[in-house]
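Following: one structure in structure tokens, then a few remarks.
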Amino acid sequence: MSNRFPDGFLWGGALAANQVEGAYQEDGKGLSTSDMQPNGIFGPVTARQPGDFSIKDVAIDFYHRYPQDIALFSEMGFTCLRVSIAWTRIFPNGDDAQPNEAGLAWYDKLFDELARHNIQPLVTLSHYEMPWALVENYGGWGNRKLIAFFERYARTVFERYRDKVKLWLTFNEINMSLHAPLTGVGLLGDCTTTEIYQAIHHQLVASGLAVKACHEIIPDARIGNMLLGGLMYPLSCKPADIFATLQENHSWQFFGDIQCRGAYPGYMTRYFRDNGITLNIEPADLEALRHTVDFISFSYYMTGCVTADADLGEKLRGNILDMVPNPHLESSEWGWQIDPLGLRTLLNVLWDRYQKPLFIVENGLGANDQPAADGRIHDDYRISYMNDHLVQVREAIDDGVEVLGYTSWGPIDIISASKAEVAKRYGFIYVDLQQDGSGTLNRSRKDSFWWYQQVIKTHGAALKP
Ligand code: BG6
């Protein structure tokens with residue numbers, strides 16, 4: 001086995017507009033769902049008042065500091081940077097007659113800066129945000145009209161950036177909508193399961209239409225989906241646990257099944273029937289779903305367990321999202337269970353299932369980094385986490401899995417999504433920022449910066465098995 005990753009493997013990092021850009025009302029940007037959730041995607045909606053404070057309003061000020069940040073990424077040797085376009089910079093209200101030229105121009109500058117450093121952009125069309133006006137005035141993705149609004153947005157950016165962006169993703173972690181309906185599909189308040197699946201259906205149709213548009217407008221581009229890689233293990237080898245695990249995995253795999261195979265799988269039809277869920281699906285929708293993605297991208301942070309025993313499951317369920325913890329795994333400071341081998345398993349599972357190239361577009365360790373006496377961040381824990389995960393990626397490639405690249409989550413410290421925390425840092429680059437907004441926003445290199453630089457330079461040969 002070679003200890004080098006294949007030539008052409010893309011190395012880099014991943015960011016989301018609402019977690020880094022700031023400038024939340026600059027150059028005509030409209031308010032997004034993220035702007036209305038200052039405490040993160042699991043926090044309440046807060047009406048914005050003039051002069052109020054949300055850490056995301058400025059975030060790490062990437063909007064103004066991107067040239068210096070990209071220079072640092074380049075110094076690490078990045079060949080790829082995943083970013084997202086804020087829909088509200090292009091169509092501030094979602095249903096505007098014309099796109100906002102100032103917003104389009106800003107992303108031109110961003111992509112040009114990346115090109116100057118030979119860093120290929122991988123662009124997510126929608127990463128955990130959408131125009132707030134579409135939630136207020138249309139009821140979010142529950143409304144079929146959103147499909148056309150999104151398609152117009154997608155076509156606008158494909159046309160504009162056709163010569164600059166050749167790698168695209170549709171919706172970030174599209175399978176999270178079941179857990180975060182406002183962030184995922186713009187549904188407010190209590191909603192029924194049927195309403196959530198109807199909104200998801202509209203979004204899946206929009207995803208298919210975006211794939212179609214991308215293929216028409218930029219024939220040499222590739223467009224992928226983006227899944228939360230939520231691999232679950234059975235808590236025991238009892239057949240009932242095995243079957244419950246299959247069903248739990250189906251609950252997220254169904255998104256990928258539609259986006260990769262072009263139709264609802266039979267197990268979902270049965271699930272809808274058994275649970276009295278009737279969706280409004282039009283013939284044109286089925287046609288749109290047939291436009292399948294070119295590759296599959298996913299985030300990977302943890303695995304969890306499933307038991308068919310409801311009482312036991314209730315007892316064991318801790319603060320690790322909603323999952324039954326695995327007694328064989330350690331956890332991060334935030335209770336996310338660390339499972340490098342699970343990444344190899346997941347890569348194999350997805351490859352076996354779809355035979356489409358895979359791209360790991362998020363992975364990393366959120367930690368409360370503290371400067372040492374010398375003022376620097378010695379983040380050996382992050383190095384060890386990432387080393388072990390990358391070793392498993394290399395193993396999966398050796399298993400025959402086609403992997404296009406790896407973009408670590410938050411290569412520079414960003415605002416976390418779940419609770420808008422600054423303390424949950426993922427970066428190779430430290431940002432001087434505190435939760436109350438204080439700090440110089442200065443950037444400095446952590447130990448992991450030099451480590452990742454070495455890994456990229458050696459095509460992975462510097463990893464410790
Ligand atoms: C993924 C999201 O779910 O996880 C990112 O796509 C998010 O936006 C990341 O930041 C890590 O979650 P958190 O809450 O630690 O930021």
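As the structure is a prediction and not an experimental result, all values here were calculated from the model. Every number for a ligand or one of its atoms is a count from 1 in the order of the listing.
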- Query: Partners of Ser177 by side-chain contact (heavy atoms from CB on, under 4.5 Å), sequence neighbours excluded?
  - Reply: Val185, Ile200, Gln203
- Note on the structure: Per-atom filter on ligand 1: closer than 4.0 angstrom to a heavy atom of Trp336 are 11 (C), 12 (O), 15 (O)
- Task: Tell me which protein heavy atom sits closest to atom 15 (O) of ligand 1, plus the residue, atom name and distance to 0.1 Å.
- Result: Tyr426 OH, 2.5 Å
- Note on the structure: If you scan protein heavy atoms around atom 14 (O) of ligand 1, the nearest is Ser418 OG, 2.4 Å
- For Ala417, is at least one N or O under 3.5 Å away from an N or O on ligand 1? yes
- Item | Salt bridge flag under 4.0 Å for residues Lys56 and Asp35 | no
- Which heavy atom in Pro411 sits nearest to a heavy atom in Gly13, and how many Å separate them? CG-CA, 3.7 Å
- Message: For Trp409 and Tyr301, I'd like to know if the aromatic rings sit close, meaning centre-to-centre distance below 6.0 Å.
- Response: no
- What one should report as the nearest heavy-atom pair of Leu365 and Ser332 is CD1-CB, 3.8 Å
- Do Arg82 and Thr124 pass the side-chain hydrogen bond (donor to acceptor under 3.5 Å, both in side chains) test, and can you show the C-alpha distance, the side-chain angles, and the key distance before you say yes or no? CA-CA 7 Å; Arg82 176 181 174 221; Thr124 317; 3.0 Å; yes
- Message: Is there a polar contact between ligand 1 and His127, counting only N or O atoms under 3.5 Å apart?
- Response: yes
- Does Tyr301 have a heavy atom less than 4.0 Å from any atom of ligand 1? yes
- Message: Please verify the inter-ring angle class for Phe428 with Tyr452; under 30° counts as parallel, over 60° as perpendicular, anything in between as tilted.
- Response: parallel
- Taking non-hydrogen atoms only, is Ser416 closer than 4.0 angstrom to ligand 1 via side chain, backbone, both or neither? both
- Item | Protein heavy atom at shortest distance from atom 3 (O) of ligand 1 | Glu173 OE1, 2.6 Å
- Item | Atoms in ligand 1 flagged as close to Glu362, the criterion being non-hydrogen separation under 4.0 Å | 1 (C), 2 (C), 4 (O), 5 (C), 6 (O), 9 (C)
- Message: Quick test: of every protein heavy atom, which one is nearest to atom 10 (O) of ligand 1, and how far off is it to 0.1 Å?
- Response: Gln19 NE2, 2.9 Å
- Heavy-atom distances under 4.0 Å are what count here, so tell me which part of Trp334 touches ligand 1: side chain, backbone, both or neither. neither
- Query: Shortest non-hydrogen contact from Asn326 to Gln337?
  - Reply: N-OE1, 2.7 Å
- Message: Need the ligand 1 atom indices (1-based, order shown) with element for anything under 4.0 Å from a heavy-atom of Lys424.
- Response: 13 (P), 14 (O), 15 (O)
- Please work out whether the ring planes of Tyr264 and His201 are parallel, tilted or perpendicular, with thresholds of 30° and 60°. parallel
- Message: With the threshold set at under 4.0 angstrom, would you say Asn172 reaches ligand 1 through any of its heavy atoms?
- Response: yes
